[in-house]
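Just below is one structure, and these are the notes that go with it.
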Number of protein chains: 2
Amino acid sequence: MDHTTEVLLGLFIVFVAAQIGAEVAQRLKMPAVVGEITAGCIVGPSVLGWIKVTEPLEVLAEIGVVLLLFSVGLETRVGDLKKVGRVATLVGVAGVVLPFVLGGAWALLSGFDTPKAMFVAAAFVATSAGITARVLQELGVLNRTESRVILGAAIIDDILAMLLLGVVTALQGGDGINVVNLLLVLAQAVGFIAIIAIFGTRIMRRSSKLLEAPVSPLSPLTISLALCLGLAVAASFLGLAAIIGAFLAGMATAETQQRHTLEKQLVPIMALIVPFFFVVTGTKVNLSELGNPSAIGALLVVTLLAVVGKLVGGGLGALSLGRRSALIVGIGMVPRGEVGIIVASLGLTAGVFTGTTYAIIIAMSLITSIIAPPALGKLLAGMPKDQPTAEDTAEDTADTSLLIPVEETGHE
Amino acid sequence: MDHTTEVLLGLFIVFVAAQIGAEVAQRLKMPAVVGEITAGCIVGPSVLGWIKVTEPLEVLAEIGVVLLLFSVGLETRVGDLKKVGRVATLVGVAGVVLPFVLGGAWALLSGFDTPKAMFVAAAFVATSAGITARVLQELGVLNRTESRVILGAAIIDDILAMLLLGVVTALQGGDGINVVNLLLVLAQAVGFIAIIAIFGTRIMRRSSKLLEAPVSPLSPLTISLALCLGLAVAASFLGLAAIIGAFLAGMATAETQQRHTLEKQLVPIMALIVPFFFVVTGTKVNLSELGNPSAIGALLVVTLLAVVGKLVGGGLGALSLGRRSALIVGIGMVPRGEVGIIVASLGLTAGVFTGTTYAIIIAMSLITSIIAPPALGKLLAGMPKDQPTAEDTAEDTADTSLLIPVEETGHE
């Protein structure tokens, strides 16, 4: 089989596995994303071995999660996010501190020295916005207050996690911490987000006409996608997750008059590309590393601590929303997804983690990603999908000329 | 800059370059594809050097051309193709024989020995369906007889080119030719195409309901995309170009009731991915290899022969359509695009070509791809876009329930 055939076959297997997984999950009343991750685990090296995760697949997965967060941003108005700013900050900070403390305590008790224990603890911290966002989008509840708090907290979470990773990485060298450098990184990140959130949205609000200046009738879509890729690059360059940039690009684009057309045009694009992200995430579970009782025991403890840390930390931060909403927010922060996997990979590369610690953290990241979606689905079932604000309603009806009739497509 | 940032930056540059190139070309009244290829040449290693063509970019390019031919197939009815079968066969055969003879003659006169000259000649043969198809789609003339003849001939062309490549590769070893083996390959290829064209279309015609069986409302799209990838893999496995499989998948899907919805859903997907194919094609021009007068002279002769061979060969085959149509068909067969590039790469790997011969054949492939589209555009300007048949009209109006109102999006 020549190389092109092999690559195309890989794409075909991943795509079909995603469709079958999603279908089975939905028939079992679970979110499609759970089926896609499980399908990835099954076709991946640790069960069937049909898929080797090569760089092209990784890149498709990255494009998938970038587009996913862009589309989530497109459904988020900056005004709505501002309203939840205080609660989101509380959730983000508490949801970082508690898991870090719990993770660090476990690592110290397991015999890691202090610098290494701090690294392990860092892997407990970051929330994967991608997985929760997809579940919220599937359920159609992105407009609820809880969803906005989760998304806002995920941004704060990501900034703190990035700083923490900087600190723990510096600690490994034994050189102590360069406070000036860290503050510089923090200032850059906060500055970038503030500039896009404040000026980016204002500029886009006034640029709706500009989006249609080029000859191609698809120019609003292609310009928005270019903006999405551009801000993803910028965020990644500043050491933030690329998806934060994509989310901000989506939020800025949400201020244009073409937002509804763009939302519709993104649906088929996402149907093709987003599944690659979830299947590739699933293929990374290496079940054989977890084949002994002590590893399983450790995994159970780590997962429990990871869940409790976010549930209690995030939930406490959101207590002002009421107990059920606080629970929803807490659960929404549980999935570690690709962020946990990235920290684990860094730890392995830096020689901080053994193969087993690595496998445990990867497995914890995935288990938290698999258990949270059905729980969220159950909690949100039967609750109203929407809490539209006055601003929303006024602006949404202002551009009916651009609205194309809504087909029943959903978001999967 | 870390690896993720670098990869995302590459995607961003390619995508933005494509948009700017397409915009400039369209303002100059040229097809967008010319601008995209030129943009690729400019951002590529031989001018600005902003882009290294890595495997992920190659794979995105491959997905792009596969989706492009799928969407072209979706606009092609098997019944219409049958009507042009005789002419398309003539065009395909004559359009292979004449360029092969001319290319071989040039190679022999340039001092290549006979086996190597045959390999060079093979690079003159294959037509790139991708580039012509995109131009015809941009102009909205896929329903004209000339377009159908070109697409039919491109399939026949590809089968013959594949056989020829088998022959010339065998000749390099000096072992003579295994006729049985070649006939086997031919039988497989013809069998595959016939089975899909005859049974695939019939099965799809009766399966419109099945496409909607899964839970997801997007299932007709995802199932069609899976079919597209699956047949692309199958074609590639049989030694045909993957795009032939994608084209057949599109043609089979064109028989379903959902074809119009699918056509509309493919538009935004293609806007994202297809430009990668044309920009990546453009990056492969290495201008520095052509920096001396003798190379430029050889390039001019080779390009002239390549153009004349297809123009006269293809045109003669289509003479029964009238002179202007024959000219359109002849020009439509001129672009060598990625197929010429593939043969050149094989020649380089097999040690048959020098760096200069390689650069000349790559440049010829690209020049033919750049000059044919504007010529096609000029010849087709002002001609009626459509020659609908009775069958077409009857079936097209049968599924208005599934039609979503046509927005002015075009196909770029």
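Just so we're on the same page: letters track the sequence lines, and every chain starts at 1.
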Legend entry - Heavy-atom proximity to chain A below 4.5 Å, by part of Leu60(B): side chain
Inset, instruction - Would you check if Thr4(B) and Glu62(A) make a side-chain contact, meaning some heavy-atom pair closer than 4.5 Å? - result: yes
Inset, instruction - List in chain and number order the residues that pass side chain to side chain contact (heavy atoms under 4.5 Å, CB included) with Ala18(B), two or more places apart in sequence or in another chain; answer none if no residue qualifies. - result: Glu36(B), Pro275(B), Val279(B)
Legend entry - Contacting moiety of Leu221(B), where chain A heavy atoms sit under 4.5 Å: side chain
Legend entry - Part of Leu67(B) within contact of chain A (heavy atom distance under 4.5 Å): side chain
Inset, instruction - Could you check which of Val233(B), Thr54(B), Leu272(B) has the highest count of heavy-atom pairs closer than 4.5 Å to chain A? - result: Val233(B)
Inset, instruction - For Ser71(A), check side chain to side chain donor-acceptor pair (under 3.5 Å) against everything at least two apart and list the hits. - result: Gln137(A)
Legend entry - Minimal non-hydrogen separation, Ala232(B) against Leu8(A), with atom names: O-CD1, 4.3 Å
Legend entry - Heavy-atom pair with the smallest gap, counting every atom of Arg27(A) and Ala213(B): NH2-O, 3.3 Å
Legend entry - When Val16(A), Leu225(A), Leu266(A) are compared by non-hydrogen pairs under 4.5 Å with chain B, the top option: Leu225(A)
Legend entry - Proximity breakdown for Val215(B) and chain A, heavy-atom pairs closer than 4.5 Å: both
Legend entry - Contact origin within Ile273(A) toward chain B - heavy atom pairs under 4.5 Å: side chain
Inset, instruction - Please examine the side chains of Glu55(B) and Val7(A), heavy atoms only from C-beta on, and report whether any two atoms are closer than 4.5 Å. - result: yes
Legend entry - Evaluation steps, side chain to side chain donor-acceptor pair (under 3.5 Å), between His3(B) and Glu58(A): CA-CA 12 Å; His3(B) 189 65; Glu58(A) 293 276 13; over 6 Å; no
Inset, instruction - Check whether Val59(B) gets within reach of chain A through its side chain, its backbone, both or neither, counting any heavy atom under 4.5 Å. - result: side chain
Legend entry - For the student: nearest non-hydrogen atoms of Glu23(A) and Ser216(B), plus distance: OE1-N, 4.2 Å
Inset, instruction - Go through the atoms of Ile63(B) and report whether side chain, backbone, both or neither lie under 4.5 Å from a heavy atom of chain A. - result: side chain
Legend entry - Which atoms of Ala25(A) approach chain B - backbone, side chain, both or neither, heavy atom under 4.5 Å: neither
Inset, instruction - Spell out, as yes or no, whether a donor-acceptor pair under 3.5 Å connects the side chain of Gln19(A) to the backbone of Thr222(B). - result: no
Legend entry - Interface residue of largest heavy-atom contact number with chain B, from Cys228(A), Ser236(A), Ala242(A), under 4.5 Å: Ser236(A)
Legend entry - Portion of Ala246(B) that has a non-hydrogen atom of chain A nearer than 4.5 angstrom: neither
Legend entry - Atom pair CD1/CE of Ile269(A) and Met270(B) - distance to nearest 0.5 Å: 11.5 Å
